[in-house]
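Here the structure is laid out as structure tokens; the discussion comes afterwards.
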Amino acid sequence: MSDKEQYDLDAYLDRVGFKGERRADLATLRGVHLAHSLTLPFENLDPVRGSAPSLDPADLMAKMVRGRRGGYCYEHNTLLRLALEALGFRVTPLAGRVVLGAEGPPGSRPRTHAMLRVEVAGEPWPYLADVGFGAVGALLLPVPLAAGTEYEGAGRRHRLAPLPHEGPLELWELQARDRRTGEWTGQYAFTQEPFSAPDLEVFNWFVATHPRSPFTRRPYLQRTLPDGRHLSLDGPLLTETLPDGTATERALTRETEARQVVEERFGIAVPAGVTLLG
């Protein structure tokens with residue numbers, strides 16, 4: 001059975017609440033991207049319980065569209081890619097190195113983050129689309145793959161900065177502007193080298209099963225709400241960031257409390273076999 005036969009565009013658009021025109025244009029790309037970003041949470045509960053999540057279209061539909069679950073970058077951006085291709089866009093998976101929180105240069109971490117390059121008819125540049133980066137500086141709207149311009153999207157500001165390196169392809173860094181300090185912070189670095197589904201399967205397995213992967217050690221959940229608030233759960237630490245960039249933190253101390261927060265505030269049904277505060 002082909003990906004197209006396993007994928008239900010109507011069910012996906014209904015799940016994310018997209019009501020716009022179904023055309024391969026910039027308005028549709030922006031609308032679907034934002035709707036997905038504000039509906040489906042980021043979570044790693046499958047790796048926490050010891051399994052690599054499936055990237056099969058039918059399994060993604062069952063988990064994220066018909067079930068009360070989210071996913072991490074490979075799941076989110078595979079699901080978005082399927083939707084955009086069904087709408088008529090030409091989409092190429094990309095892979096990048098996360099630099100947020102890294103102490104070394106961009107090459108000090110492997111390419112473990114997946115994002116998308118989307119071509120839009122009539123637009124001078126392809127677009128970077130990414131609904132699967134688990135951070136408060138994540139894109140809510142796609143941005144043109146062009147350097148030197150700042151982009152505002154649903155209350156967040158981003159830019160793409162070229163980085164020097166020895167490879168033959170131009171290296172980009174997605175940067176987000178801190179709403180409190182005004183400083184620019186690197187999120188991840190990438191080239192426009194195309195990747196394919198088998199590449200993502202390997203990345204997915206490594207990130208979900210390697211004993212040193214942070215995603216196997218503790219729950220890591222993110223959700224951006226339509227009012228601009230951002231929720232993060234990193235192990236027991238719950239952080240709520242307001243639209244102005246101010247944040248409050250508190251540690252969850254009881255398993256029942258943590259499960260209630262995940263169920264009610266993140267909208268995630270905790271799967272069997274997961275202990276949130278283990």
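Both backbone and side-chain heavy atoms feed into the values below; hydrogens, waters and symmetry mates do not. Quantities reported herein were computed from a predicted structural model and do not represent experimental measurements.
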Between [X] and [Y], what is the shortest heavy-atom contact and its length?
{"X": "Pro142", "Y": "Leu29", "result": "CG-CG, 3.8 Å"}
{"X": "Gln192", "Y": "Arg117", "result": "OE1-NE, 2.5 Å"}
{"X": "Pro162", "Y": "Ala147", "result": "CD-CB, 3.8 Å"}
{"X": "Thr39", "Y": "Ala35", "result": "OG1-O, 2.7 Å"}
{"X": "Pro219", "Y": "Leu45", "result": "CB-CD2, 4.0 Å"}
{"X": "Pro211", "Y": "Arg217", "result": "O-NE, 3.8 Å"}

Is [Y] close to [X] at the side-chain level, that is, under 4.5 Å between some pair of heavy atoms?
{"X": "Pro93", "Y": "Ser196", "answer": "no"}
{"X": "Leu82", "Y": "Met61", "answer": "no"}
{"X": "Leu9", "Y": "Leu87", "answer": "yes"}
{"X": "Leu40", "Y": "Val131", "answer": "no"}
{"X": "Asn77", "Y": "Arg81", "answer": "no"}
{"X": "Ile268", "Y": "Leu221", "answer": "yes"}
{"X": "Leu174", "Y": "Leu160", "answer": "yes"}
{"X": "Asp8", "Y": "Val65", "answer": "no"}

Distance, nearest 0.5 Å, that separates [atom1] of [X] from [atom2] of [Y]:
{"X": "Leu84", "Y": "His33", "atom1": "CG", "atom2": "NE2", "answer": "8.5 Å"}
{"X": "Leu242", "Y": "Thr248", "atom1": "CG", "atom2": "OG1", "answer": "6.5 Å"}
{"X": "Trp184", "Y": "Glu150", "atom1": "CH2", "atom2": "CD", "answer": "4.0 Å"}
{"X": "Glu170", "Y": "Phe190", "atom1": "CD", "atom2": "CZ", "answer": "9.5 Å"}
{"X": "Arg157", "Y": "Arg177", "atom1": "CZ", "atom2": "CZ", "answer": "6.5 Å"}
{"X": "Leu200", "Y": "Trp205", "atom1": "CG", "atom2": "CH2", "answer": "15.5 Å"}

For this session: Would you please classify the geometry between the Tyr220 ring and the Phe42 ring as parallel, tilted or perpendicular, with 30° and 60° separating the classes?
Result: perpendicular
Exercise. Going by the angle between their ring planes, with limits at 30° and 60°, are Tyr74 and Phe203 parallel, tilted or perpendicular?
Worked result: tilted
Can you check whether [Y]'s main-chain N or O pairs, donor with acceptor, with [X]'s side chain at less than 3.5 Å?
{"X": "His76", "Y": "Met115", "answer": "no"}
{"X": "Asp46", "Y": "Ala52", "answer": "no"}
{"X": "Thr28", "Y": "Glu21", "answer": "yes"}
{"X": "Glu75", "Y": "Tyr72", "answer": "yes"}
{"X": "Asp234", "Y": "Leu237", "answer": "no"}
{"X": "Asn44", "Y": "Arg218", "answer": "yes"}
{"X": "His210", "Y": "Pro214", "answer": "no"}
{"X": "Arg159", "Y": "Gln175", "answer": "no"}
{"X": "Arg49", "Y": "Ala272", "answer": "yes"}
{"X": "Glu152", "Y": "Gly155", "answer": "yes"}

Problem set entry | Trace of the side chain to side chain contact (heavy atoms under 4.5 Å, CB included) decision for Leu233 with Leu252 | CA-CA 9 Å; Leu233 183 65; Leu252 307 180; 3.7 Å; yes
Problem set entry | Evaluation steps, side chain to side chain contact (heavy atoms under 4.5 Å, CB included), between Thr241 and Glu249 | CA-CA 9 Å; Thr241 304; Glu249 298 179 345; over 6 Å; no
Problem set entry | Intermediate values then yes/no, side-chain hydrogen bond (donor to acceptor under 3.5 Å, both in side chains), Ser54 and Asp56 | CA-CA 5 Å; Ser54 172; Asp56 182 85; 5.2 Å; no
For this session: Decide salt bridge (charged side-chain N to carboxylate O under 4.0 Å, His left out) for Arg259 and Glu263; before the verdict, give the C-alpha distance in whole Å, the side-chain angles of both, and the deciding distance to 0.1 Å.
Result: CA-CA 6 Å; Arg259 295 179 80 88; Glu263 293 268 359; 5.6 Å; no
Exercise. Is the His113-Tyr188 ring centre distance short of 6.0 angstrom?
Worked result: yes
Exercise. Tyr12 and His36: aromatic ring centres closer than 6.0 Å?
Worked result: yes
Do [X] and [Y] share a hydrophobic cluster (ILVMFWY, side-chain heavy atoms under 4.5 Å, transitive)?
{"X": "Tyr7", "Y": "Leu55", "value": "no"}
{"X": "Leu26", "Y": "Val91", "value": "yes"}
{"X": "Leu225", "Y": "Leu238", "value": "yes"}
{"X": "Leu139", "Y": "Leu141", "value": "no"}
{"X": "Val118", "Y": "Phe18", "value": "yes"}

For this session: Could you verify whether a donor N or O on one side chain and an acceptor N or O on the other, from Ser232 and Gln222, lie under 3.5 Å apart?
Result: yes
Problem set entry | Any side-chain donor near an acceptor of the partner, Thr224 and Arg156, under 3.5 Å | yes
For this session: Determine, stepwise, if the pair Leu100 / Thr185 fulfils side chain to side chain contact (heavy atoms under 4.5 Å, CB included).
Result: CA-CA 7 Å; Leu100 183 66; Thr185 302; 3.7 Å; yes
Exercise. Got more than 12 heavy atoms from elsewhere within 6.0 Å of CZ, Arg68?
Worked result: yes
Problem set entry | Flag if over 12 foreign heavy atoms under 6.0 Å of CZ, Arg30 | no
Problem set entry | side chain to side chain contact (heavy atoms under 4.5 Å, CB included) evaluation trace for Leu60 with Thr78 | CA-CA 9 Å; Leu60 292 174; Thr78 297; 3.6 Å; yes
Exercise. Is the shortest distance from a Lys or Arg side-chain nitrogen in Arg250 or Glu240 to a carboxylate oxygen in the other one below 4.0 Å?
Worked result: no
Problem set entry | Carboxylate-amine/guanidinium contact Asp10 Arg22, below 4.0 Å | yes
Exercise. Which pairs pass side-chain hydrogen bond (donor to acceptor under 3.5 Å, both in side chains) with one or both residues in residues 266-278, sequence neighbours excluded?
Worked result: none
For this session: Apply the test salt bridge (charged side-chain N to carboxylate O under 4.0 Å, His left out) to residues Glu43 and Arg223: give CA-CA distance (whole Å), side-chain angles for both, the deciding distance (0.1 Å), then the verdict.
Result: CA-CA 9 Å; Glu43 52 113 324; Arg223 184 183 181 190; over 6 Å; no
